[in-house]
Every structure is written in C-alpha cells, then in structure tokens.
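This report concerns only the one structure given below.
First the proteins, then the strands, lettered A, B, ... as listed; each starts at 1.
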Amino acid sequence: MGDQVRRNMPLFPIGIVKKLTELTPRQIRYYEEHGLIFPIRTDGNQRLYSFNDVDRLLEIKELIEQGINISGIKQIFIMKQQFNGLKHNIIENPDRKVQKDLTEKQLRSYLKKELLVAGRHGKTSLIQGELSRFFH
DNA sequence: ATTCTGACA
DNA sequence: TGTCAGAA
C-alpha cells in the first residue's frame with residue numbers, strides 16, 4: 001500500500017496546483033476554508049498539496065462547473081466516504097449483514113450524484129437551490 | 001520570485 | 001471571485 005502513501009505526500013505549492021487544476025489561488029484557498037481540502041503547511045506557513053489533494057480539487061472543479069455549491073460538494077464527499085466504508089465492510093464481512101448502518105436512502109443519494117457527474121456537460125445541469133433539496 | 005492573510009472603489 | 005496591500 002505504498003502507492004497511497006505516495007499520493008498523500010505533500011509535494012507541491014499552490015503555484016503548481018494552480019497550473020495543474022486551472023483553478024485560481026483564490027478558489028483553491030477558498031475551498032480549503034470550507035473544509036473541502038486540507039493541505040499541510042511548511043515551516044514558512046506555505047501550503048503543500050498532495051496528488052490526492054489535486055485530484056480532489058479536480059473533482060471540486062467539475063462539481064462547481066455543474067453548478068453545485070460548497071455544501072452540496074461536502075455532502076457528496078461524505079456520501080462517497082460512506083459508500084467506500086460500506087464497500088470495505090462487505091469485503092471484510094461477506095457473510096454478516098453489516099450494511100445495517102447505511103440506509104438505502106443514502107445509497108440512492110450517492111448513486112444520484114454519480115449520475116449527475118456521469119451526465120456532466122449535459123442538459124441535466126441542476127442549479128444550487130434545486131440540488132440542495134435532494135440533500136435535505 | 002512566491003505565497004499568505006485580510007479586506008472591498 | 002477578482003484583486004490589491006503589506007508582510008514573510
């Protein structure tokens with residue numbers, strides 16, 4: 001599992017991330033303020049981002065382009081986390097019904113998100129207010 | 001030269 | 001979100 005270690009290594013400053021993601025430093029810092037990413041700081045208080053951070057920013061960028069707001073993105077990430085947790089449980093306990101903690105509703109929400117992302121750049125561009133209803 | 005925080009004609 | 005200032 002040394003690959004994940006590599007992907008989590010704090011490597012590049014915001015200037016590099018700016019080029020890699022086409023996002024402005026303003027946006028990159030803004031998303032951090034809202035808990036979407038958590039780059040570490042150097043001795044000089046400068047942010048250092050990992051490959052995972054960059055990937056995450058790329059995901060954020062796409063979701064933003066689809067008109068999804070910060071809170072919507074937060075919840076999507078939470079569902080993604082829950083989804084991965086369920087997947088692990090199923091792999092580790094194939095016999096037991098450890099899926100009791102995840103409601104079917106949560107799964108549906110996650111799937112809906114997948115559909116939205118899949119049909120990106122399409123006609124189904126939901127606006128902020130409209131999408132937040134799904135998450136309430 | 002780069003990045004950071006705070007602020008807004 | 002852009003952008004500018006003042007500091008590191």
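Under the 4.5 Å side-chain criterion, counting only non-hydrogen atoms from C-beta, A:Gln46 is not in contact with A:Arg41. Looking at A:Gln27 and A:Lys61, their side chains never come closer than 4.5 Å, going by heavy atoms from C-beta outward. When side chains are defined from C-beta on, A:Leu23 does not count as touching A:Ile60, because their heavy atoms never get closer than 4.5 Å.
Heavy-atom contacts of chain A under 4.0 Å fall on DNA chain C between two terminal nucleotides, which in 5' to 3' order are C:dT1 to C:dT3.
The line from CG of A:Asp3 to CG of A:Asn8 is 10.0 Å long, rounded to the nearest 0.5 Å.
Residue A:Pro13 comes nearest to A:Tyr49 through the heavy atom pair C-CD1, 4.2 Å, listed as atom of the first residue, atom of the second, then distance. Closest approach of A:Asp53 to A:Ile37, counting heavy atoms only: O-CG2, 4.5 Å. The two atoms that bring A:Phe51 and A:Arg6 nearest to each other are CD1-O, 4.0 Å, heavy atoms only. A:Ile64 approaches A:Tyr31 most closely through the heavy-atom pair CG1-OH, 3.8 Å.
Taking Ile, Leu, Val, Met, Phe, Trp and Tyr as hydrophobic and joining them when side-chain heavy atoms fall under 4.5 Å apart, one finds A:Ile40 in a cluster with A:Leu48.
Judged purely by distance below 3.5 Å, without hydrogens or angles, the side chains of A:Asn52 and A:Ser50 never pair a donor atom with an acceptor atom.
Whole-Å rounding puts the A:Ile14 CD1 to B:dA1 P distance at 19 Å.
For residues 18-29 of chain A, proximity to DNA chain C is found at A:Thr24, A:Arg26, A:Gln27, defined as any non-hydrogen atom under 4.0 angstrom from a strand atom. Contacts between residues 33-48 of chain A and DNA chain B, defined by a heavy-atom separation below 4.0 Å, involve A:Arg41, A:Asn45, A:Gln46, A:Arg47, listed by number.
Judged by a 6.0 Å distance limit and a 45° cone about the ring axis, A:Arg56 is positioned over the six-membered ring of A:Phe77.
When the side chain to side chain donor-acceptor pair (under 3.5 Å) test is applied to A:Thr42, no partner is found at least two apart in sequence or on another chain.
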Inset, instruction - Whenever both distances are under 3.5 Å in a Watson-Crick or G-U wobble pair, mark it; put DNA chain B into dot-bracket that way, with [ ] for crossing pairs and | when the partner is on another strand. - result: .|||||||.

